[in-house]
J.: 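Take a look at the following structure, please.
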Amino acid sequence: MKRALISDLHANLEATEAVLADVRQQGLTDIYCLGDIVGYGPNPRECIDLVIQHCQVCLLGNHDQGALFDPDGFNSVAERAIFWTRQQLEESVGGRDSVAKRWDFLGELPRTYKDGDYLYVHGSPRRPLSEYVFPEDIYNPRKMENLFALVPKYCFQGHTHVPGVFTEGQRFLAPEEINFAYQLCDEKVMVNVGSVGQPRDCDPRACYVVQDDGWVRFRRVEYDVEKTIHKIYATPELDDSLGDRLREGH
Ligand code: ZN
């Protein structure tokens with residue numbers, strides 16, 4: 001079983017296209033998206049269309065939900081981006097059919113997906129849409145125990161935009177510490193697949209994961225960051241800081 005896991009595209013078309021090209025280059029056709037197709041970035045329609053076209057499974061992210069319903073719990077920069085995103089999705093680029101198709105697609109996204117030993121969520125196994133699991137949570141054994149109790153064996157998630165492997169033995173392994181590969185074994189793990197469109201681990205390259213039989217491989221893909229930043233700067237509703245953070249990868 002070989003599968004590409006992408007998450008947190010955040011309407012970054014250049015990053016999404018670069019990742020899909022990298023996925024294709026490796027002969028992978030099975031692609032799962034763990035949510036947050038939209039929010040923050042300048043190309044929500046295009047990114048939704050690419051996910052509809054290429055992904056077999058897609059989960060609902062908190063920003064996708066924010067675009068669908070009233071956004072709740074977002075800071076003002078994120079909230080403005082969500083309202084702008086909603087406007088973009090209402091515009092009939094590609095015809096009224098495309099507008100309805102995108103809304104229907106978002107509206108029907110599931111919150112979790114389970115395939116045998118593997119569970120896929122956006123945030124956490126406890127609160128799939130909204131809960132963050134950060135590297136420093138390994139120092140909160142109660143939280144980790146509660147989360148691992150809900151993991152069948154392996155859980156894949158996004159949401160924090162920080163890639164890495166959480167082990168049941170309460171370790172966090174950053175990709176560069178493990179040479180970008182982790183072999184699944186009997187120990188339960190939660191794997192954060194990182195973010196395609198807005199990495200926050202100080203590496204501006206797009207991030208995703210290849211699930212390859214017993215292995216998890218982290219991939220980093222360069223893309224035209226400045227092009228995306230330019231589009232963000234040119235959109236008043238998208239705060240400039242959303243562009244700046246792409247350059248820094250933070
Ligand atoms: Zn996100």
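When a ligand or atom number is given, it counts from 1 through the structure's own listing order.
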J.: Can you name the ring-ring contact (aromatic ring centres under 6.0 Å, His included) partners of His63, sequence neighbours left out?
T.: His10, Tyr40, Phe74
J.: Taking 2.8 Å as the upper limit, name the protein N, O or S atoms near the Zn ion (ligand 1).
T.: Asp8 OD1, His10 NE2, Asp36 OD2, His161 NE2
J.: How are the rings of His230 and Tyr233 set relative to one another: parallel (under 30°), tilted (30 to 60°) or perpendicular (over 60°)?
T.: tilted
J.: Quick test of your reading: applying ring pair (Phe, Tyr, Trp, His ring centres under 6.0 Å), list the pairs with at least one residue in residues 85-118, sequence neighbours left out, ordered by first then second residue.
T.: Tyr32-Tyr113, Tyr118-Tyr154
J.: Can you name the ring-ring contact (aromatic ring centres under 6.0 Å, His included) partners of Phe148, sequence neighbours left out?
T.: none
J.: Between Glu237 and Arg80, is there a salt bridge with N-O shorter than 4.0 Å?
T.: no
J.: Under 3.5 Å, is there a donor-acceptor pair between the Gln26 and Asp22 side chains?
T.: yes
